[in-house]
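Convention: sequence-line order gives letters A, B, ...; per-chain numbering from 1.
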2 protein chains.
Amino acid sequence: MFTLAEENYLKAIFHLENDYGAGVSTNAIADKMDTRASSVTDMIQKLADKKVISYQKYKGASLTKKGKSIAVNIIRKHRLWEVFLVEKLDFQWDEVHEIAEQLEHIKSDELIQRLDLFLEYPDFDPHGDPIPDRNGYIKPTEKKLLSKLKKNQRGICVGVKESSATFLQYLDTRKIGIGSSITVIDKEEFDQSMTILVSNKQFFITKKIAENLYLKTI
Amino acid sequence: MFTLAEENYLKAIFHLENDYGAGVSTNAIADKMDTRASSVTDMIQKLADKKVISYQKYKGASLTKKGKSIAVNIIRKHRLWEVFLVEKLDFQWDEVHEIAEQLEHIKSDELIQRLDLFLEYPDFDPHGDPIPDRNGYIKPTEKKLLSKLKKNQRGICVGVKESSATFLQYLDTRKIGIGSSITVIDKEEFDQSMTILVSNKQFFITKKIAENLYLKTI
DNA sequence: TTTATTTTTTAGCCTTATCTAAATTTAAAG
DNA sequence: CTTTAAATTTAGATAAGGCTAAAAAATAAA
(Lines give C-alpha, C1' and ligand atoms only; values in the text may rest on other atoms or scores of the structure.)
Protein backbone atom coordinates (compact mmCIF):
# COMPACT_ATOMS: atom_id res chain seq x y z
CA MET A 1 0.00 0.00 0.00
CA PHE A 2 1.21 3.49 -0.78
CA THR A 3 0.97 6.64 1.27
CA LEU A 4 -0.59 9.87 0.11
CA ALA A 5 2.83 11.41 -0.43
CA GLU A 6 4.08 8.43 -2.39
CA GLU A 7 1.01 8.46 -4.61
CA ASN A 8 1.47 12.13 -5.34
CA TYR A 9 5.10 11.62 -6.30
CA LEU A 10 4.18 8.78 -8.65
CA LYS A 11 1.54 10.91 -10.28
CA ALA A 12 3.93 13.84 -10.71
CA ILE A 13 6.62 11.62 -12.22
CA PHE A 14 4.08 10.12 -14.60
CA HIS A 15 2.98 13.53 -15.86
CA LEU A 16 6.57 14.72 -16.21
CA GLU A 17 7.60 11.64 -18.17
CA ASN A 18 4.55 12.10 -20.36
CA ASP A 19 5.34 15.71 -21.10
CA TYR A 20 9.12 15.69 -21.35
CA GLY A 21 10.12 12.08 -21.94
CA ALA A 22 11.54 9.37 -19.72
CA GLY A 23 13.99 10.06 -16.91
CA VAL A 24 12.80 13.01 -14.90
CA SER A 25 15.18 15.15 -12.89
CA THR A 26 15.05 15.72 -9.17
CA ASN A 27 14.56 19.43 -9.72
CA ALA A 28 11.69 18.91 -12.16
CA ILE A 29 9.86 16.86 -9.55
CA ALA A 30 10.64 19.37 -6.80
CA ASP A 31 9.28 22.11 -9.01
CA LYS A 32 6.09 20.29 -9.90
CA MET A 33 5.41 19.28 -6.31
CA ASP A 34 6.38 22.60 -4.82
CA THR A 35 8.91 21.02 -2.49
CA ARG A 36 12.71 20.94 -2.12
CA ALA A 37 15.15 18.88 -4.14
CA SER A 38 16.49 17.24 -0.98
CA SER A 39 13.01 16.02 -0.07
CA VAL A 40 12.63 14.61 -3.56
CA THR A 41 15.92 12.73 -3.29
CA ASP A 42 14.73 11.12 -0.07
CA MET A 43 11.42 10.09 -1.54
CA ILE A 44 12.71 8.74 -4.85
CA GLN A 45 15.10 6.56 -2.92
CA LYS A 46 12.16 5.15 -1.00
CA LEU A 47 10.18 4.67 -4.21
CA ALA A 48 13.14 2.92 -5.83
CA ASP A 49 13.34 0.57 -2.84
CA LYS A 50 9.69 -0.25 -3.43
CA LYS A 51 10.42 -0.96 -7.11
CA VAL A 52 7.97 1.56 -8.47
CA ILE A 53 10.64 3.71 -10.06
CA SER A 54 14.07 2.97 -11.42
CA TYR A 55 16.66 5.42 -10.29
CA GLN A 56 20.41 5.86 -10.30
CA LYS A 57 22.01 8.69 -8.39
CA TYR A 58 22.32 11.86 -10.43
CA LYS A 59 20.55 10.20 -13.35
CA GLY A 60 16.89 11.00 -12.75
CA ALA A 61 13.89 8.73 -12.19
CA SER A 62 11.59 6.66 -14.40
CA LEU A 63 8.46 4.77 -13.47
CA THR A 64 8.64 0.99 -13.62
CA LYS A 65 5.72 -0.95 -15.05
CA LYS A 66 4.34 -1.30 -11.53
CA GLY A 67 4.82 2.40 -10.79
CA LYS A 68 3.16 3.43 -14.01
CA SER A 69 0.19 1.22 -13.29
CA ILE A 70 -0.26 2.81 -9.86
CA ALA A 71 0.05 6.32 -11.30
CA VAL A 72 -2.44 5.64 -14.09
CA ASN A 73 -4.91 4.27 -11.58
CA ILE A 74 -4.71 7.45 -9.53
CA ILE A 75 -5.23 9.49 -12.67
CA ARG A 76 -8.19 7.32 -13.59
CA LYS A 77 -9.72 7.98 -10.19
CA HIS A 78 -9.01 11.70 -10.42
CA ARG A 79 -10.71 12.03 -13.79
CA LEU A 80 -13.70 9.88 -12.92
CA TRP A 81 -14.33 11.96 -9.81
CA GLU A 82 -14.09 15.11 -11.91
CA VAL A 83 -16.79 13.77 -14.20
CA PHE A 84 -18.92 12.99 -11.17
CA LEU A 85 -18.47 16.47 -9.76
CA VAL A 86 -19.40 18.19 -13.02
CA GLU A 87 -22.05 15.82 -14.36
CA LYS A 88 -23.81 14.87 -11.15
CA LEU A 89 -23.11 17.65 -8.68
CA ASP A 90 -23.17 20.50 -11.23
CA PHE A 91 -19.78 21.92 -10.43
CA GLN A 92 -18.08 24.12 -13.03
CA TRP A 93 -15.01 22.74 -14.80
CA ASP A 94 -12.73 25.19 -13.01
CA GLU A 95 -13.91 24.13 -9.56
CA VAL A 96 -13.23 20.41 -9.56
CA HIS A 97 -9.48 19.96 -9.60
CA GLU A 98 -8.73 20.52 -5.92
CA ILE A 99 -11.55 18.29 -4.74
CA ALA A 100 -10.53 15.54 -7.16
CA GLU A 101 -6.98 15.82 -5.82
CA GLN A 102 -8.38 14.59 -2.53
CA LEU A 103 -10.85 12.06 -3.88
CA GLU A 104 -8.25 10.37 -6.09
CA HIS A 105 -6.62 8.89 -2.98
CA ILE A 106 -9.69 7.06 -1.70
CA LYS A 107 -8.82 3.39 -1.65
CA SER A 108 -11.48 1.00 -2.96
CA ASP A 109 -11.41 -0.70 -6.33
CA GLU A 110 -15.05 -1.60 -5.96
CA LEU A 111 -15.92 2.06 -5.46
CA ILE A 112 -14.21 3.14 -8.66
CA GLN A 113 -15.71 0.32 -10.66
CA ARG A 114 -19.19 1.28 -9.49
CA LEU A 115 -18.55 4.98 -9.99
CA ASP A 116 -17.43 4.28 -13.55
CA LEU A 117 -20.66 2.37 -14.18
CA PHE A 118 -22.75 5.10 -12.53
CA LEU A 119 -21.17 7.67 -14.84
CA GLU A 120 -21.77 5.35 -17.81
CA TYR A 121 -18.12 4.74 -18.56
CA PRO A 122 -17.06 8.21 -19.67
CA ASP A 123 -14.10 8.49 -22.06
CA PHE A 124 -13.00 12.00 -21.13
CA ASP A 125 -12.96 14.21 -18.07
CA PRO A 126 -14.41 17.74 -18.08
CA HIS A 127 -11.12 19.16 -19.38
CA GLY A 128 -10.96 16.76 -22.30
CA ASP A 129 -8.38 14.45 -20.76
CA PRO A 130 -8.87 10.76 -21.51
CA ILE A 131 -9.92 8.46 -18.68
CA PRO A 132 -7.77 5.32 -18.45
CA ASP A 133 -9.83 2.12 -18.40
CA ARG A 134 -9.76 -0.40 -15.57
CA ASN A 135 -6.64 -2.00 -17.02
CA GLY A 136 -4.82 1.29 -17.30
CA TYR A 137 -5.25 1.57 -21.03
CA ILE A 138 -5.47 5.13 -22.31
CA LYS A 139 -7.08 5.45 -25.70
CA PRO A 140 -4.71 7.44 -27.92
CA THR A 141 -6.32 10.61 -29.21
CA GLU A 142 -5.08 12.70 -32.08
CA LYS A 143 -5.09 16.20 -30.77
CA LYS A 144 -2.94 19.17 -31.62
CA LEU A 145 -2.02 22.29 -29.70
CA LEU A 146 -3.70 25.37 -31.09
CA SER A 147 -0.23 26.92 -31.22
CA LYS A 148 0.74 24.40 -33.93
CA LEU A 149 -1.99 25.55 -36.31
CA LYS A 150 -1.29 27.89 -39.21
CA LYS A 151 -3.34 30.78 -40.50
CA ASN A 152 -6.76 29.74 -41.77
CA GLN A 153 -6.64 26.30 -40.18
CA ARG A 154 -9.60 25.24 -38.12
CA GLY A 155 -10.36 22.74 -35.35
CA ILE A 156 -12.64 21.70 -32.53
CA CYS A 157 -11.43 22.24 -29.00
CA VAL A 158 -11.06 18.82 -27.37
CA GLY A 159 -9.09 19.65 -24.27
CA VAL A 160 -6.95 22.00 -22.24
CA LYS A 161 -3.37 21.35 -21.25
CA GLU A 162 -3.32 23.42 -18.10
CA SER A 163 -6.43 23.21 -15.99
CA SER A 164 -5.91 25.92 -13.41
CA ALA A 165 -9.01 27.78 -12.33
CA THR A 166 -7.67 31.08 -13.69
CA PHE A 167 -7.06 29.69 -17.15
CA LEU A 168 -10.42 27.93 -17.27
CA GLN A 169 -12.18 31.10 -16.15
CA TYR A 170 -10.35 33.01 -18.87
CA LEU A 171 -11.79 30.56 -21.38
CA ASP A 172 -15.25 30.84 -19.85
CA THR A 173 -15.37 34.61 -20.30
CA ARG A 174 -14.60 34.08 -23.99
CA LYS A 175 -17.08 31.22 -24.30
CA ILE A 176 -14.34 28.80 -25.26
CA GLY A 177 -14.94 25.24 -24.06
CA ILE A 178 -14.74 21.61 -25.08
CA GLY A 179 -16.53 21.40 -28.45
CA SER A 180 -15.91 25.01 -29.50
CA SER A 181 -14.95 25.48 -33.13
CA ILE A 182 -11.82 27.62 -33.42
CA THR A 183 -10.39 29.17 -36.60
CA VAL A 184 -7.02 30.85 -36.82
CA ILE A 185 -7.69 34.19 -38.53
CA ASP A 186 -4.17 35.50 -38.23
CA LYS A 187 -0.90 34.48 -36.63
CA GLU A 188 1.94 36.84 -35.75
CA GLU A 189 5.38 35.53 -36.69
CA PHE A 190 7.09 37.72 -34.13
CA ASP A 191 5.51 36.53 -30.86
CA GLN A 192 3.29 33.67 -32.01
CA SER A 193 0.18 35.52 -30.90
CA MET A 194 -3.01 34.81 -32.82
CA THR A 195 -6.34 36.23 -33.78
CA ILE A 196 -8.92 33.45 -33.59
CA LEU A 197 -12.59 33.12 -34.44
CA VAL A 198 -14.86 31.44 -31.91
CA SER A 199 -18.65 31.35 -32.47
CA ASN A 200 -18.59 34.43 -34.73
CA LYS A 201 -16.42 36.48 -32.42
CA GLN A 202 -12.77 37.35 -32.93
CA PHE A 203 -10.26 37.20 -30.09
CA PHE A 204 -6.64 38.08 -29.76
CA ILE A 205 -4.73 35.45 -27.81
CA THR A 206 -1.11 35.14 -26.71
CA LYS A 207 1.22 32.24 -27.44
CA LYS A 208 0.75 30.99 -23.89
CA ILE A 209 -2.99 30.58 -24.39
CA ALA A 210 -2.51 28.82 -27.73
CA GLU A 211 -0.09 26.41 -26.10
CA ASN A 212 -2.72 25.28 -23.62
CA LEU A 213 -5.61 24.48 -25.92
CA TYR A 214 -5.91 21.13 -27.65
CA LEU A 215 -7.78 20.92 -30.95
CA LYS A 216 -8.88 18.19 -33.24
CA THR A 217 -8.32 19.57 -36.72
CA ILE A 218 -10.92 19.10 -39.42
CA MET B 1 -7.48 22.96 9.85
CA PHE B 2 -7.38 19.55 11.46
CA THR B 3 -5.38 16.49 10.54
CA LEU B 4 -6.85 13.12 9.76
CA ALA B 5 -5.79 11.78 13.16
CA GLU B 6 -7.25 14.76 14.99
CA GLU B 7 -10.55 14.40 13.15
CA ASN B 8 -10.72 10.73 14.06
CA TYR B 9 -10.10 11.47 17.71
CA LEU B 10 -12.83 14.11 17.76
CA LYS B 11 -15.25 11.71 16.15
CA ALA B 12 -14.41 8.96 18.64
CA ILE B 13 -14.81 11.28 21.61
CA PHE B 14 -18.14 12.48 20.26
CA HIS B 15 -19.48 8.94 19.98
CA LEU B 16 -18.20 8.00 23.42
CA GLU B 17 -19.77 11.05 25.04
CA ASN B 18 -23.00 10.26 23.26
CA ASP B 19 -23.05 6.68 24.45
CA TYR B 20 -21.69 6.96 27.97
CA GLY B 21 -22.08 10.62 28.94
CA ALA B 22 -19.68 13.53 29.16
CA GLY B 23 -16.05 13.17 30.20
CA VAL B 24 -14.53 10.22 28.41
CA SER B 25 -11.54 8.38 29.81
CA THR B 26 -8.20 7.97 28.13
CA ASN B 27 -8.61 4.22 28.07
CA ALA B 28 -12.05 4.39 26.51
CA ILE B 29 -10.62 6.43 23.66
CA ALA B 30 -7.63 4.14 23.29
CA ASP B 31 -9.98 1.20 23.14
CA LYS B 32 -12.26 2.72 20.56
CA MET B 33 -9.40 3.87 18.37
CA ASP B 34 -7.37 0.72 18.76
CA THR B 35 -4.34 2.61 20.00
CA ARG B 36 -2.42 2.98 23.24
CA ALA B 37 -3.38 5.10 26.23
CA SER B 38 -0.10 6.99 26.01
CA SER B 39 -0.84 7.98 22.43
CA VAL B 40 -4.24 9.18 23.51
CA THR B 41 -2.76 11.30 26.28
CA ASP B 42 -0.49 13.00 23.75
CA MET B 43 -3.29 13.69 21.35
CA ILE B 44 -5.83 14.95 23.84
CA GLN B 45 -3.24 17.42 25.09
CA LYS B 46 -2.87 18.70 21.54
CA LEU B 47 -6.62 18.88 21.10
CA ALA B 48 -6.96 20.74 24.38
CA ASP B 49 -4.35 23.27 23.17
CA LYS B 50 -6.49 23.77 20.09
CA LYS B 51 -9.57 24.36 22.29
CA VAL B 52 -11.62 21.60 20.77
CA ILE B 53 -11.77 19.58 23.96
CA SER B 54 -11.57 20.50 27.59
CA TYR B 55 -9.27 18.32 29.58
CA GLN B 56 -7.66 18.14 32.97
CA LYS B 57 -5.04 15.54 33.74
CA TYR B 58 -6.50 12.29 35.03
CA LYS B 59 -10.02 13.68 34.62
CA GLY B 60 -10.99 12.65 31.08
CA ALA B 61 -11.93 14.74 28.06
CA SER B 62 -15.06 16.50 26.82
CA LEU B 63 -15.67 18.19 23.48
CA THR B 64 -16.03 21.96 23.54
CA LYS B 65 -18.69 23.61 21.41
CA LYS B 66 -16.14 24.01 18.65
CA GLY B 67 -14.96 20.42 18.93
CA LYS B 68 -18.50 19.12 18.85
CA SER B 69 -19.28 21.12 15.76
CA ILE B 70 -16.26 19.66 13.97
CA ALA B 71 -17.16 16.13 15.04
CA VAL B 72 -20.77 16.48 13.95
CA ASN B 73 -19.66 17.79 10.58
CA ILE B 74 -17.49 14.73 10.03
CA ILE B 75 -20.38 12.49 11.00
CA ARG B 76 -22.63 14.40 8.62
CA LYS B 77 -20.17 13.78 5.81
CA HIS B 78 -19.79 10.11 6.72
CA ARG B 79 -23.52 9.50 6.67
CA LEU B 80 -24.18 11.45 3.48
CA TRP B 81 -21.47 9.48 1.69
CA GLU B 82 -23.02 6.25 2.96
CA VAL B 83 -26.34 7.27 1.44
CA PHE B 84 -24.56 8.05 -1.82
CA LEU B 85 -22.84 4.67 -1.85
CA VAL B 86 -26.03 2.73 -1.21
CA GLU B 87 -28.56 4.82 -3.14
CA LYS B 88 -26.49 5.79 -6.15
CA LEU B 89 -23.76 3.19 -6.44
CA ASP B 90 -25.85 0.23 -5.26
CA PHE B 91 -23.58 -0.90 -2.47
CA GLN B 92 -25.03 -3.08 0.29
CA TRP B 93 -25.42 -1.56 3.75
CA ASP B 94 -22.65 -3.73 5.15
CA GLU B 95 -20.11 -2.58 2.55
CA VAL B 96 -20.11 1.17 2.99
CA HIS B 97 -18.61 1.90 6.37
CA GLU B 98 -14.93 1.59 5.49
CA ILE B 99 -15.24 3.65 2.33
CA ALA B 100 -17.19 6.34 4.15
CA GLU B 101 -14.45 6.40 6.79
CA GLN B 102 -12.17 7.67 4.06
CA LEU B 103 -14.64 9.94 2.28
CA GLU B 104 -15.66 11.70 5.50
CA HIS B 105 -12.28 13.47 5.57
CA ILE B 106 -12.57 15.12 2.15
CA LYS B 107 -12.43 18.84 2.74
CA SER B 108 -14.92 20.95 0.80
CA ASP B 109 -18.07 22.49 2.22
CA GLU B 110 -19.35 23.13 -1.28
CA LEU B 111 -18.99 19.44 -2.09
CA ILE B 112 -21.07 18.33 0.87
CA GLN B 113 -23.73 20.93 0.23
CA ARG B 114 -24.07 19.75 -3.35
CA LEU B 115 -23.97 16.10 -2.37
CA ASP B 116 -26.76 16.72 0.12
CA LEU B 117 -28.85 18.34 -2.62
CA PHE B 118 -28.04 15.54 -5.07
CA LEU B 119 -29.26 12.98 -2.54
CA GLU B 120 -32.36 15.12 -1.92
CA TYR B 121 -31.54 15.96 1.69
CA PRO B 122 -31.81 12.52 3.27
CA ASP B 123 -32.70 12.36 6.97
CA PHE B 124 -31.12 8.99 7.75
CA ASP B 125 -28.19 6.93 6.57
CA PRO B 126 -28.52 3.30 5.45
CA HIS B 127 -28.17 2.09 9.05
CA GLY B 128 -30.92 4.34 10.32
CA ASP B 129 -28.62 6.94 11.88
CA PRO B 130 -29.82 10.53 11.56
CA ILE B 131 -27.86 12.87 9.29
CA PRO B 132 -27.01 16.19 10.98
CA ASP B 133 -28.09 19.19 8.95
CA ARG B 134 -25.70 21.86 7.67
CA ASN B 135 -25.81 23.61 11.03
CA GLY B 136 -25.01 20.47 12.95
CA TYR B 137 -28.56 20.00 14.17
CA ILE B 138 -29.53 16.38 14.70
CA LYS B 139 -33.25 15.76 14.72
CA PRO B 140 -34.07 13.85 17.93
CA THR B 141 -35.66 10.50 17.22
CA GLU B 142 -37.53 8.37 19.68
CA LYS B 143 -36.07 4.95 19.30
CA LYS B 144 -35.65 2.16 21.75
CA LEU B 145 -33.28 -0.79 21.92
CA LEU B 146 -35.01 -4.08 21.19
CA SER B 147 -33.49 -5.33 24.45
CA LYS B 148 -35.72 -2.89 26.37
CA LEU B 149 -38.94 -4.37 25.00
CA LYS B 150 -41.04 -6.80 27.01
CA LYS B 151 -42.84 -9.91 25.89
CA ASN B 152 -45.58 -9.23 23.32
CA GLN B 153 -44.36 -5.71 22.55
CA ARG B 154 -43.87 -4.78 18.92
CA GLY B 155 -41.90 -2.21 16.90
CA ILE B 156 -40.44 -1.23 13.56
CA CYS B 157 -36.70 -1.50 13.15
CA VAL B 158 -35.36 2.04 12.58
CA GLY B 159 -31.64 1.53 13.02
CA VAL B 160 -28.71 -0.52 14.21
CA LYS B 161 -26.34 0.44 16.97
CA GLU B 162 -23.32 -1.44 15.77
CA SER B 163 -22.78 -1.39 12.03
CA SER B 164 -20.02 -3.90 11.53
CA ALA B 165 -20.22 -5.96 8.37
CA THR B 166 -20.60 -9.20 10.32
CA PHE B 167 -23.58 -7.94 12.32
CA LEU B 168 -25.26 -6.48 9.24
CA GLN B 169 -24.76 -9.72 7.34
CA TYR B 170 -26.26 -11.61 10.28
CA LEU B 171 -29.35 -9.41 9.94
CA ASP B 172 -29.42 -9.89 6.17
CA THR B 173 -29.56 -13.66 6.46
CA ARG B 174 -32.58 -13.27 8.74
CA LYS B 175 -34.16 -10.65 6.49
CA ILE B 176 -34.06 -8.07 9.24
CA GLY B 177 -33.53 -4.52 7.98
CA ILE B 178 -34.67 -0.94 8.42
CA GLY B 179 -38.47 -1.04 8.27
CA SER B 180 -38.86 -4.62 9.49
CA SER B 181 -41.64 -5.21 11.96
CA ILE B 182 -40.40 -7.09 15.00
CA THR B 183 -42.50 -8.67 17.75
CA VAL B 184 -41.15 -10.09 20.99
CA ILE B 185 -42.67 -13.57 21.29
CA ASP B 186 -40.76 -14.56 24.39
CA LYS B 187 -38.03 -13.20 26.60
CA GLU B 188 -35.81 -15.26 28.88
CA GLU B 189 -35.27 -13.73 32.32
CA PHE B 190 -32.06 -15.62 32.86
CA ASP B 191 -29.90 -14.41 29.97
CA GLN B 192 -32.12 -11.80 28.32
CA SER B 193 -32.31 -13.84 25.12
CA MET B 194 -35.47 -13.50 23.05
CA THR B 195 -37.65 -15.22 20.54
CA ILE B 196 -38.84 -12.68 17.99
CA LEU B 197 -41.19 -12.69 15.05
CA VAL B 198 -40.04 -11.07 11.81
CA SER B 199 -42.19 -11.35 8.66
CA ASN B 200 -43.91 -14.49 9.86
CA LYS B 201 -40.73 -16.23 10.92
CA GLN B 202 -39.54 -16.83 14.45
CA PHE B 203 -35.95 -16.34 15.47
CA PHE B 204 -34.03 -16.90 18.62
CA ILE B 205 -31.65 -14.01 19.36
CA THR B 206 -29.14 -13.35 22.12
CA LYS B 207 -29.02 -10.32 24.37
CA LYS B 208 -26.15 -8.93 22.33
CA ILE B 209 -28.24 -8.85 19.18
CA ALA B 210 -31.17 -7.24 20.96
CA GLU B 211 -28.86 -4.56 22.31
CA ASN B 212 -27.86 -3.51 18.81
CA LEU B 213 -31.24 -3.08 17.16
CA TYR B 214 -33.20 0.14 17.47
CA LEU B 215 -36.98 0.01 17.21
CA LYS B 216 -39.73 2.53 17.08
CA THR B 217 -42.50 1.06 19.16
CA ILE B 218 -46.07 1.17 17.97
C1' DT C 1 41.25 21.13 -19.54
C1' DT C 2 40.73 23.74 -15.78
C1' DT C 3 37.37 26.72 -13.53
C1' DA C 4 32.75 28.12 -12.51
C1' DT C 5 28.00 27.09 -12.15
C1' DT C 6 24.19 24.23 -11.60
C1' DT C 7 22.21 20.04 -9.99
C1' DT C 8 21.90 16.51 -6.81
C1' DT C 9 22.89 14.29 -2.64
C1' DT C 10 24.14 13.99 2.27
C1' DA C 11 23.91 15.38 7.02
C1' DG C 12 21.46 17.00 10.64
C1' DC C 13 17.24 18.82 12.51
C1' DC C 14 11.97 19.44 13.01
C1' DT C 15 7.00 17.90 13.39
C1' DT C 16 3.30 14.51 13.65
C1' DA C 17 1.68 10.42 15.36
C1' DT C 18 2.86 6.34 16.99
C1' DC C 19 5.04 2.94 20.41
C1' DT C 20 7.21 0.69 24.98
C1' DA C 21 8.60 1.08 29.51
C1' DA C 22 8.71 3.51 33.63
C1' DA C 23 6.71 6.73 36.86
C1' DT C 24 2.84 8.81 38.96
C1' DT C 25 -1.89 9.53 40.31
C1' DT C 26 -6.37 7.86 41.44
C1' DA C 27 -9.40 4.30 42.94
C1' DA C 28 -10.28 -0.02 45.36
C1' DA C 29 -9.54 -3.39 48.98
C1' DG C 30 -8.26 -5.08 53.14
C1' DC D 1 -5.89 4.22 56.73
C1' DT D 2 -2.48 1.82 54.48
C1' DT D 3 -1.58 -1.20 50.67
C1' DT D 4 -2.53 -2.91 46.20
C1' DA D 5 -4.31 -2.49 41.72
C1' DA D 6 -5.79 0.06 37.88
C1' DA D 7 -5.64 4.09 35.10
C1' DT D 8 -3.03 7.77 33.37
C1' DT D 9 0.89 10.39 32.27
C1' DT D 10 5.85 11.10 31.27
C1' DA D 11 10.16 9.88 29.08
C1' DG D 12 12.52 8.30 25.39
C1' DA D 13 12.35 5.96 20.57
C1' DT D 14 10.87 5.34 15.92
C1' DA D 15 9.17 6.23 11.15
C1' DA D 16 7.36 9.36 7.59
C1' DG D 17 7.97 13.46 5.32
C1' DG D 18 9.61 17.73 5.21
C1' DC D 19 13.37 21.61 5.79
C1' DT D 20 18.27 24.16 5.66
C1' DA D 21 22.97 24.16 4.89
C1' DA D 22 26.92 22.01 3.24
C1' DA D 23 29.27 18.61 0.33
C1' DA D 24 29.81 16.17 -3.93
C1' DA D 25 28.95 15.27 -8.75
C1' DA D 26 27.77 16.69 -13.31
C1' DT D 27 27.57 20.20 -16.73
C1' DA D 28 28.86 24.45 -18.92
C1' DA D 29 32.14 28.08 -19.78
C1' DA D 30 36.49 30.01 -20.42
[N] [atom2] sits how many Å from [X] [atom1], rounded?
{"X": "A:M43", "N": "C:dT9", "atom1": "CE", "atom2": "P", "result": "15 Å"}
{"X": "B:Y58", "N": "D:dA5", "atom1": "OH", "atom2": "P", "result": "19 Å"}
{"X": "B:Q45", "N": "D:dT8", "atom1": "CD", "atom2": "P", "result": "13 Å"}
{"X": "B:E7", "N": "C:dT16", "atom1": "CD", "atom2": "C1'", "result": "15 Å"}
{"X": "B:D49", "N": "C:dT15", "atom1": "CG", "atom2": "C1'", "result": "14 Å"}
{"X": "B:L4", "N": "C:dT16", "atom1": "CG", "atom2": "P", "result": "15 Å"}
{"X": "A:K50", "N": "D:dA15", "atom1": "NZ", "atom2": "P", "result": "14 Å"}
{"X": "B:I29", "N": "C:dA17", "atom1": "CD1", "atom2": "P", "result": "15 Å"}

Exercise for the section: Have a look at A:T41 and say if it touches a base, only the backbone sugar-phosphate, or nothing, with a 4.0 Å heavy-atom cut-off. Expected result: base

Exercise for the section: Determine the contact category for A:A5: base if any of its heavy atoms lies under 4.0 Å from a base atom, sugar-phosphate if only primed atoms, P, OP1 or OP2 are that close, otherwise nothing. Expected result: sugar-phosphate

Between [X] and [N], does any side-chain N or O lie under 4.0 Å from OP1 or OP2?
{"X": "A:Y55", "N": "C:dT9", "result": "yes"}
{"X": "A:T3", "N": "D:dG17", "result": "yes"}
{"X": "A:K57", "N": "C:dT10", "result": "yes"}
{"X": "A:N27", "N": "C:dT8", "result": "yes"}
{"X": "B:K46", "N": "C:dT16", "result": "no"}
{"X": "A:S39", "N": "D:dG18", "result": "no"}
{"X": "B:T35", "N": "C:dC19", "result": "yes"}
{"X": "B:R36", "N": "C:dT18", "result": "no"}

Practice task
Tell me which of B:E6 and A:Q56 sits closer to the 5' end of DNA chain C, going by the nucleotide each one is nearest to.
Solution key: A:Q56

Problem - B:E120 (side chain) donor-acceptor with B:L117 (main chain) under 3.5 angstrom - result: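 Checked: no pair found.
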
Practice task
Determine, for B:F2 and B:K50, whether the Lys NZ or Arg CZ falls below 6.0 Å from the six-membered ring centre while staying within 45 degrees of the axis.
Solution key: yes

If you measure from the Lys or Arg side-chain nitrogens to the Asp or Glu carboxylate oxygens, is any gap between [X] and [Y] under 4.0 Å?
{"X": "B:D116", "Y": "B:R134", "result": "no"}
{"X": "B:E7", "Y": "B:K107", "result": "yes"}
{"X": "A:R79", "Y": "A:E104", "result": "no"}

Exercise for the section: Would you kindly compare B:A28 and A:D34 by the position of their nearest DNA chain D nucleotide and give the one closer to the 5′ end? Expected result: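 Counting from the 5' end, the first nearest nucleotide belongs to B:A28.
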
Practice task
Return yes if the base of C:dT20 and the side-chain atoms of B:S38 contain a donor-acceptor N/O pair under 3.5 Å, otherwise no.
Solution key: yes

Practice task
Identify the two heavy atoms, one from A:G23 and one from A:S62, that lie closest to each other, and give their separation to 0.1 Å.
Solution key: N-OG, 3.0 Å

